[in-house]
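Input: a single structure, listed below in structure tokens.
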Amino acid sequence: MKFVDELILGAVAGNGGDGVVRWNQSRSNPRGGPAGGDGGRGGDVRIRAVRDTSLLSKYRGHPSFSAQHGGNGGKNSLHGADGEDVVIDLPVGSIVRLQQKGKVFELLHEGDEHVVLRGGTGGLGNEHFKSSRNVRPTETTSGRAGERDVLEIELRLIADLGLVGYPNAGKSSLLNVLTNAKAKVGNYAFTTLDPNLGELYGYIIADIPGIIEGASSGKGLGHKFLRHINRTKALIFCISVEQDEPNVVFSALMKELVAHDSEMEKLPFLIAVTKTDLVSAEEQEEHVQKLKVITEHVYPVSIHDEASVKSFRDTILAFVRALE
Ligand SMILES: Nc1nc2c(ncn2[C@@H]2O[C@H](COP(=O)(O)OP(=O)(O)OP(=O)(O)O)[C@@H](O)[C@H]2O)c(=O)[nH]1
Ligand SMILES: [Mg+2]
């Protein structure tokens, strides 16, 4: 999956409406006092965090975002209507920097919202300028211009789930079938050299290079990438049925993770028993039972068995949603 992770957008808040000159005129009082209303406020430009990492690509070539202008004041001291705000939805993990003002906003959690540009205040109608010395003022003020700026948006994805396992365990293959990622797959260790990301209903899954014993002290490639899964909400351990002692593999993986960062022991996790099409149902069950000693969350899956993939996908979704 190709992510657009940087984007520049123009944005303009609404101008305030103008104050106006009006008079309280009636047949009985033809020379009534001033009654020109104030202008309404211009709308603000707001940003809001939503779960949709593809949003930035949708905004490519988008004209600048503009909030509505405030309405001018009216007769009978009527206040102009306030302009509507414009809300720019951005993916969770976006960092927005205002090019001119230099201010920085972060959208870390779904639903986070910030006003980034303020609408202009409305001008004053002539009614405001009435005084004992000036009972028929013709003075008004104009609405103020709304703020405008260029938004420099950078998306820093924080993966919700991290796939961990020995090299060749089938991590990248699993990422590809679970999401629309197109990670390279190969029948050899260390096919994956850089982390791959995929998206499952707005949740980001990270696939990192295989971890081997000693990874935390620099062996293989894994250690360089362990930091990418530090901040995930949960881990998916991938252990292939090709491993005779899956629980020993689990312990070895966990040992490396903890040696890298002791906090990782606290991360919720589930275990995928991968490549189940390679063994009989009995052997598969044997693997599952060995791992069930560690956690109840053990799920057999084969990329060649559509039903197992679908069920695993549902399991992951339920698991990650329950963490929120
Ligand atoms: N039979 C079978 N083969 C699989 C399955 N999943 C993956 N494979 C094969 O296992 C090999 C390794 O798959 P990858 O997805 O590259 O494994 P990986 O864990 O990402 O490997 P590294 O990136 O090297 O750590 C490839 O030849 C895949 O085709 C499966 O469910 N069944
Ligand atoms: Mg891989």
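When a ligand or atom number is given, it counts from 1 through the structure's own listing order.
- Looking at Leu163, Ile236, Leu161 one by one, the single match for side chain to side chain contact (heavy atoms under 4.5 Å, CB included) with Leu175 turns out to be Leu163.
- The protein heavy-atom contact nearest to atom 16 (O) of ligand 1 is Gly186 N, 3.2 Å.
- Atom numbering of ligand 1 starts at 1 in the shown order; those under 4.0 Å from a heavy atom of Gly210 are 25 (O).
- Taking atom 32 (N) of ligand 1 as the reference point, the nearest protein heavy-atom neighbour is Asp277 OD1, 2.7 Å.
- Annotation: atom 14 (P) of ligand 1 to nearest protein heavy atom, Ser173 OG, 3.6 Å.
- None of Val50, Leu155, Ile153, Leu90 except one satisfies the side chain to side chain contact (heavy atoms under 4.5 Å, CB included) rule with Leu55; the exception is Val50.
- Relative orientation of the Phe319 and His297 rings is perpendicular, given thresholds of 30° and 60° on the angle between their planes.
- In the vicinity of Ser172, heavy-atom distances shorter than 4.0 Å reach the ligand 1 atoms 15 (O), 18 (P), 20 (O).
- At least one N, O or S atom of Ser172 sits under 2.8 Å from the Mg ion (ligand 2).
- Closest to atom 23 (O) of ligand 1, if we only count protein heavy atoms, is Thr192 OG1, 2.7 Å.
- For Thr276, no nitrogen or oxygen atom sits less than 3.5 Å from a nitrogen or oxygen atom of ligand 1, counting backbone and side chain alike.
- Of the protein's non-hydrogen atoms, the one nearest atom 17 (O) of ligand 1 is Gly170 N, 3.1 Å.
- In this pair, His114 and Phe105 present their aromatic rings tilted. The plane angle is within the 30 to 60° band.
- Residue contact annotation: Ala169 has a non-hydrogen atom under 4.0 Å from ligand 1.
- Residue contacts with ligand 1 for Asn168 involve both N, CA, C or O and side-chain atoms from C-beta outward (heavy atoms, distance under 4.0 Å).
- Every side-chain hydrogen bond (donor to acceptor under 3.5 Å, both in side chains) that Arg97 has, sequence neighbours left out, goes to Glu152.
- For the pair Arg51 and Tyr203, the cation sits on the ring face: its NZ or CZ lies under 6.0 Å from the ring centre, inside 45° of the axis.
- No donor-acceptor pair under 3.5 Å is formed between the side chain of Asp85 and the backbone N or O of Ala67.
- Short contacts between ligand 1 and His304, defined as distances under 4.0 Å to a heavy atom of the residue, involve ligand atoms 1 (N), 2 (C), 32 (N).
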Working for side-chain contact (heavy atoms from CB on, under 4.5 Å), residues Phe65 and Val12: CA-CA 6 Å; Phe65 282 86; Val12 195; over 6 Å; no
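- For atom 28 (C) of ligand 1, the nearest non-hydrogen atom of the protein is Val185 CG1, 3.5 Å.
- Looking only at distances, a side-chain donor or acceptor of Asp18 sits under 3.5 Å from a matching main-chain atom of Gly143.
- Protein heavy atom at the shortest distance from atom 8 (N) of ligand 1 is Lys275 CE, 3.7 Å.
- Between Lys182 and Asn196, every side-chain heavy-atom pair lies at or beyond the 4.5 Å cut-off.
- Of the heavy atoms in Leu278, only side-chain atoms (C-beta onward) come closer than 4.0 Å to ligand 1.
- The shortest N/O to N/O separation between Pro167 and ligand 1 does not fall below 3.5 Å.
- Summarising the local packing, CD of Glu242 is surrounded by more than 12 heavy atoms from other residues, nucleotides or ligands at distances under 6.0 Å.
- Looking from atom 25 (O) of ligand 1 to the surrounding protein, the closest heavy atom is Lys171 NZ, 2.8 Å.
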